[in-house]
Each structure stands twice: as structure tokens, then as C-alpha cells.
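Just so we're on the same page: letters track the sequence lines, and every chain starts at 1.
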Amino acid sequence: MIITKPKAKEAVLSMLEGYDKIFVLGCNSCAETIGTGGPEQVAEMSEFLAGSGKTVTGTAVIDPICHVLGAKRALREQGEAVSEADAVVVMSCGAGVQTVSEALEQAAFPALDSVFLGNVIRHGIYDERCSLCGECVLDVTGGVCPVTRCAKGLLNGPCGGMSEGKCEVDPDQDCAWALIYERLAKSGRTEKMAATMKPKDHSLHRKPVKISNR
Amino acid sequence: MGLAEALSSGRFVVTGELTPPKGVDTGEMVVKAKDLAAIVDAVNVTDNPSARMQMSSLGGSAALVGAGVEPVFQLTCRDRNRIALQSELLTAWSLGIKNVLCLTGDHVMFGDHPQAASVFDLDAVQLLEAARGLNEGIDMNGNELKGSPALFAGAAAAPEAEPWEAQRIKFEKKIHAGATWFQTQAIFDFEKLDRFMTVAARHNVKVIAGLILLKSARMVEFLNAYVPGIHVPQQIVERLAGSDKPMEVGMEIAVEQVSRFKDTCDGVHMMVMGAEARVPEILERAGVKRD
Ligand code: SF4
Ligand code: SF4
């Protein structure tokens with residue numbers, strides 16, 4: 001799930017200076033699930049914008065906005081509600097905002113900050129467990145990601161700041177390497193930790209990454 | 001005699017530590033380094049310690065070489081990618097810096113630029129491997145060097161950290177990666193030191209034990225709260241708090257520590273933060289002979 005946080009409403013309003021007719025777009029995927037860009041938040045946003053003197057030409061919550069072809073089609077189906085707007089406020093991750101700016105002539109503005117790829121621990125509680133590094137090492141780390149869950153992304157064991165299994169950065173947070181050690185020890189596989197892991201090959205996810213299976 | 005020779009001579013070595021200025025004036029650091037050099041075998045030059053921005057450790061180490069003082073160039077993975085790290089190692093050697101302490105580095109959140117990106121392109125194990133490669137005449141991608149260094153690469157160890165087994169595995173990885181000497185975090189628990197030394201004894205490595213001169217209970221509270229990897233036990237805090245001359249209690253503790261290290265380790269790394277003048281007294285009271 002892409003975890004997003006709402007920007008302050010006033011910040012959204014100041015982006016819209018000079019734009020009067022606004023279309024508000026939500027995303028039925030991640031943003032809907034975590035409650036940052038579903039129907040409720042879209043309704044709230046349009047009410048706020050209307051109350052701040054804007055004309056809301058329409059709203060929609062579409063299936064993942066990051067699906068470029070699908071999103072373009074869905075926007076076309078909105079007809080005049082979109083074509084008459086001078087700007088679209090997009091309540092999705094940054095990928096969704098960019099679908100809209102590619103699909104339309106009008107300006108697309110982000111109503112959310114995109115933060116990380118997160119696990120939903122329970123509603124409202126999200127943890128970062130994978131940072132999409134391009135070379136997954138979970139096979140040798142007991143299923144706990146050091147790239148993401150170690151504050152320094154260390155690949156070869158705990159730093160000297162580990163204390164009683166907690167991280168130097170936050171004593172309430174488990175040291176990823178203490179977790180990895182415990183997991184491996186339980187299954188008698190600590191020898192996995194003894195093998196030196198090579199530095200990451202950052203050429204594998206040089207930005208912007210593209211994959212074409214065609 | 002350089003640090004490598006001193007360690008291999010089998011005598012108990014003593015190292016000190018200085019932090020380069022936040023600014024360009026190296027005058028004070030050089031004066032302190034010269035004073036220290038009369039007492040110690042080498043002086044560590046810290047690398048933006050606790051992620052506080054200072055002059056670089058490379059620059060500080062070069063200033064020491066210029067003053068005829070043997071530096072230990074501390075190099076952390078926090079602020080540089082693998083290109084910069086290797087490049088600094090080559091530069092260090094060309095400037096006459098032989099000893100390098102390969103470190104992970106404290107997290108940027110502890111410092112005065114918490115907004116900075118953390119790099120950690122390599123970790124300390126990988127940095128040691130890179131240094132070994134350079135010594136062998138190749139960079140990390142196997143490209144040949146025009147002239148290679150002979151860096152004396154050491155690493156840090158955390159004998160008191162728990163879970164110890166996880167630390168032990170990392171310690172041994174550092175040895176396999178080429179570290180021939182270790183400088184430990186400040187040690188207060190002698191049983192944990194023994195636990196660590198039992199593992200070290202299985203390998204051909206030298207161990208310089210870390211010591212922080214404790215000056216007051218307040219200082220200890222600060223260390224415990226804000227300095228990663230340092231845990232001063234409560235009983236020491238009470239010893240300091242219960243005295244009206246805490247500095248003298250700190251001296252006593254330091255003497256106890258050096259006396260113990262003298263029998264179990266290959267040296268002591270003294271972090272005395274401004275109290276350099278008291279180092280000879282600690283050594284003398286602990287029965288360390290220096291000539
Ligand atoms: S190693 Fe970690 S960051 Fe990389 S793909 Fe696996 S879980 Fe994700
Ligand atoms: S304490 Fe553990 S999780 Fe935290 S930075 Fe060090 S190794 Fe990583």
C-alpha cells in the first residue's frame with residue numbers, strides 16, 4: 001500500500017490561487033483504503049473548496065489513478081465536469097497526480113504527500129517494511145528487511161548503537177539486526193548472517209526505473 | 001614508531017582523540033595534538049562525530065601529519081558513497097596517513113543537520129573490504145590502481161552491545177573483511193570485555209579498549225541519553241554523584257579501567273575531551289610504563 005498523508009487544507013488552497021473551477025479526484029485503491037483519498041475525503045475536500053469560494057465542477061473516485069490508460073478513460077467519462085475545470089485536485093499518491101497531468105491540459109495539484117510503501121498494521125497504523133530496493137535479500141535475513149527496517153540500511157549486522165535489541169535512533173524501535181538474528185536463531189540458521197553481503201547494486205534501480213515486458 | 005609497529009611490538013599502546021574544528025582554524029587542534037603526541041602512540045581524528053558538521057577527518061588527519069603527529073583517520077559510511085570513500089582512502093595515503101578506522105557512523109538525527117540524507121552506500125564491513133582491495137591494487141570493481149596504498153585498517157567493536165551473538169557475528173565479519181586491529185566502544189563491564197576478548201583471542205587481531213574519562217554525573221547522564229553505544233552503569237553514576245570531587249572519582253574509575261585493560265587488551269583509546277593533561281597521571285597510576 002502506498003501511504004499518503006493529507007497536506008494542510010490551506011496549503012492546497014494556496015496552490016489553487018488563480019484557479020476558480022476545480023475538479024476533485026480521489027483514488028479507489030491505496031488512498032481509499034487508508035482513508036486519505038476515498039469518497040469521504042473527496043467530499044470533504046470539495047465542501048472545503050466550495051466554502052473557500054471555489055466552484056467545484058465535479059468529483060470522482062476512480063480505480064487506481066496510477067493505471068494510466070484506465071485513469072485516462074475514467075477522466076474522459078467525466079465529460080464537462082473535467083473539461084470545464086481549470087485545475088484538478090488529486091487525492092492520491094504522486095504517481096496518480098502525474099497520470100492526471102499527463103492526461104489533461106489542466107494543472108493537476110497534489111492534495112496528499114506520498115510517504116512510503118507501507119504495511120497496514122491496523123487501520124491508521126502503517127509501517128515501512130520494504131523500500132523497493134530492486135534486489136530482495138529477505139531470503140538470507142530471516143524475512144526481515146535490513147534495507148528498510150535498519151535506520152542505516154546496513155547489510156552486514158548491527159551497528160555499535162544497538163542496545164538491548166533496540167535501535168540507536170529510537171529506543172522504542174527494534175533494531176532490525178536484532179530481529180534478524182532472533183528469527184535466524186529460532187530456526188538454527190544464524191550462519192546466514194555470517195556470510196558477508198555485497199554492497200547493493202544501485203544501477204538496478206537507477207531513477208526513473210522502467211520495466212517493459214513487451 | 002607508528003601505530004602498526006607499536007601494536008606488533010607487543011607493548012601496551014595508548015591512543016587519543018581529537019575533533020577537527022568547526023571552522024578553518026586548525027591551530028588549537030594542532031597544539032593539542034602535539035601535546036598528546038608526547039604521551040600517546042597515535043591520535044584519532046574524528047569524522048563529523050555524532051553527525052555534527054566539522055572540518056573533515058581527512059583534513060584534520062593531514063594537519064596532524066604536517067605537525068609530525070601520527071593520526072588515525074576515522075572514516076564513516078554516513079556521508080559518502082563508495083566512490084567518495086575509496087577516493088578519500090587513496091587521498092589519505094598520498095597525504096601520509098596510514099591508519100584508518102573504518103566506521104559505520106552515527107545516524108544524522110544526532111547531529112546539527114538532521115535534515116541531511118544518510119548515505120550508507122557501504123557498511124563498515126564493506127568499507128574494510130574496499131580498503132583491502134585498494135591495498136591489493138584494485139578498486140571495488142576490480143579496476144587497477146596506479147600505485148596502491150598500504151593502509152593499516154582497523155574497525156570498531158561493541159563488546160557490551162546486546163544481543164551479543166549478533167555483534168559477535170559482525171565482529172568476525174570485520175576480521176574476515178581485513179580488519180587487523182579494533183578499537184572498542186567505551187567499556188564499563190569487565191565481564192563483557194572478557195566475553196569479547198575470548199572471541200578476539202581466536203583471531204590474529206589487536207584490541208585497543210575504549211575509555212571515556214567521566215567528569216561528573218551530569219556528563220554521564222548526557223552520555224547515556226544522547227551518545228549511541230555508551231551505557232554507563234548506574235553504580236558508576238552513583239559513585240560520581242555521591243562525591244563532591246566527581247572529576248577525581250572519574251580519574252579513579254579510569255585508573256581501574258586502564259589497570260584492567262593493561263592485562264587483557266593490547267592498548268587503550270582515551271577519550272578525555274579536553275582533559276588531555278591528565279592522561280599521563282592515569283597511565284602512571286594504572287602502572288602503564290611509557291618511555
Ligand atoms: S530487500 Fe527489503 S527493500 Fe529490498 S525488495 Fe526486499 S524487502 Fe524490499
Ligand atoms: S541499531 Fe540496529 S536498526 Fe538501528 S541503525 Fe544500528 S543496526 Fe540499524
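For B:Arg78, no part lies under 4.5 angstrom from a heavy atom of chain A. Neither the backbone nor the side chain of A:Lys166 comes within less than 4.5 Å of any heavy atom of chain B. For chain A, no part of B:Ser118 is nearby; none of its heavy atoms comes within less than 4.5 Å. At a 4.5 Å heavy-atom cutoff, the contact between B:Glu129 and chain A is made by side-chain atoms alone. Heavy atoms of B:Gln185 lying under 4.5 Å from chain A belong exclusively to its side chain. Contact of A:Ala185 with chain B is not made at all, since no heavy-atom distance falls under 4.5 Å. For B:His176, no part sits under 4.5 Å from any heavy atom of chain A, backbone or side chain. Residue B:Ala156 does not touch chain A at all, counting heavy-atom pairs closer than 4.5 Å.
Here the closest heavy-atom approach between residue B:Ala166 and residue A:Pro158 is recorded as O-CD, 3.7 Å. Counting all heavy atoms, side chain and backbone alike, B:His231 lies closest to A:Ser163 at CE1-OG, 3.1 Å. Annotation for B:Phe110 and A:Glu168: closest pair CZ-O, 3.1 Å, computed over non-hydrogen atoms. Shortest non-hydrogen contact noted between B:Pro228 and A:Gly161 is CB-CA, 4.2 Å. Between A:Lys152 and B:Phe120 the shortest heavy-atom distance is O-CB, 3.2 Å.
No donor-acceptor pair closer than 3.5 Å links the side chain of A:Asn156 to the backbone N or O of B:Val125. Not one N or O on the side chain of B:Asp123 forms a donor-acceptor pair closer than 3.5 Å with the backbone of A:Leu154.
Within a 6.0 Å radius of CD in A:Glu40, other residues, nucleotides and ligands contribute 12 heavy atoms or fewer. Remark: B:Ile83 CD1 is loosely packed, at most 12 non-hydrogen atoms of other residues, nucleotides or ligands lying under 6.0 Å away. B:Arg195 CZ: more than 12 foreign heavy atoms inside a 6.0 Å radius. More than 12 heavy atoms of other residues, nucleotides or ligands shown are found within 6.0 angstrom of CD on A:Glu191. Residue A:Arg183 places its CZ atom among 12 or fewer non-hydrogen atoms of other residues, nucleotides or ligands, all under 6.0 Å distant. For B:Asn204, the CG atom counts as loosely surrounded, since its 6.0 Å shell holds 12 or fewer non-hydrogen atoms of other residues, nucleotides or ligands. Annotation: A:Lys9, atom NZ; neighbour count of heavy atoms from other residues, nucleotides and ligands within 6.0 Å is above 12.
With a 4.5 Å cut-off on side-chain heavy atoms, B:Glu165 and A:Thr190 do not count as touching.
Atom-to-atom distance recorded for B:Lys170:NZ and A:Met193:CE is 8.5 Å, nearest 0.5 angstrom. Residue B:Lys173 holds its NZ atom at 6.0 Å from CE of A:Met197, rounded to the nearest 0.5 Å. To the nearest 0.5 Å, the span separating OH on A:Tyr181 from CZ on B:Arg168 amounts to 7.5 Å. Note that NZ of A:Lys198 and CE of B:Met140 are 8.5 Å apart. Values are rounded to the nearest 0.5 Å. Distance CD/B:Gln126 to OG1/A:Thr196: 8.0 Å, rounded to 0.5 Å. Rounding to the nearest 0.5 angstrom, the gap separating the CD atom in B:Gln167 from the SG atom in A:Cys159 is 7.5 Å.
The closest side-chain donor-acceptor pair between A:His202 and B:Asn81, if any, does not fall under 3.5 angstrom.
The choice from B:Pro163, B:Ala161, B:Gly105, B:Ala130 that makes the most heavy-atom pairs within less than 4.5 Å of chain A is B:Pro163. No other option in A:Ala151, A:Gly153, A:Cys175 has as many heavy-atom pairs under 4.5 Å with chain B as A:Ala151.
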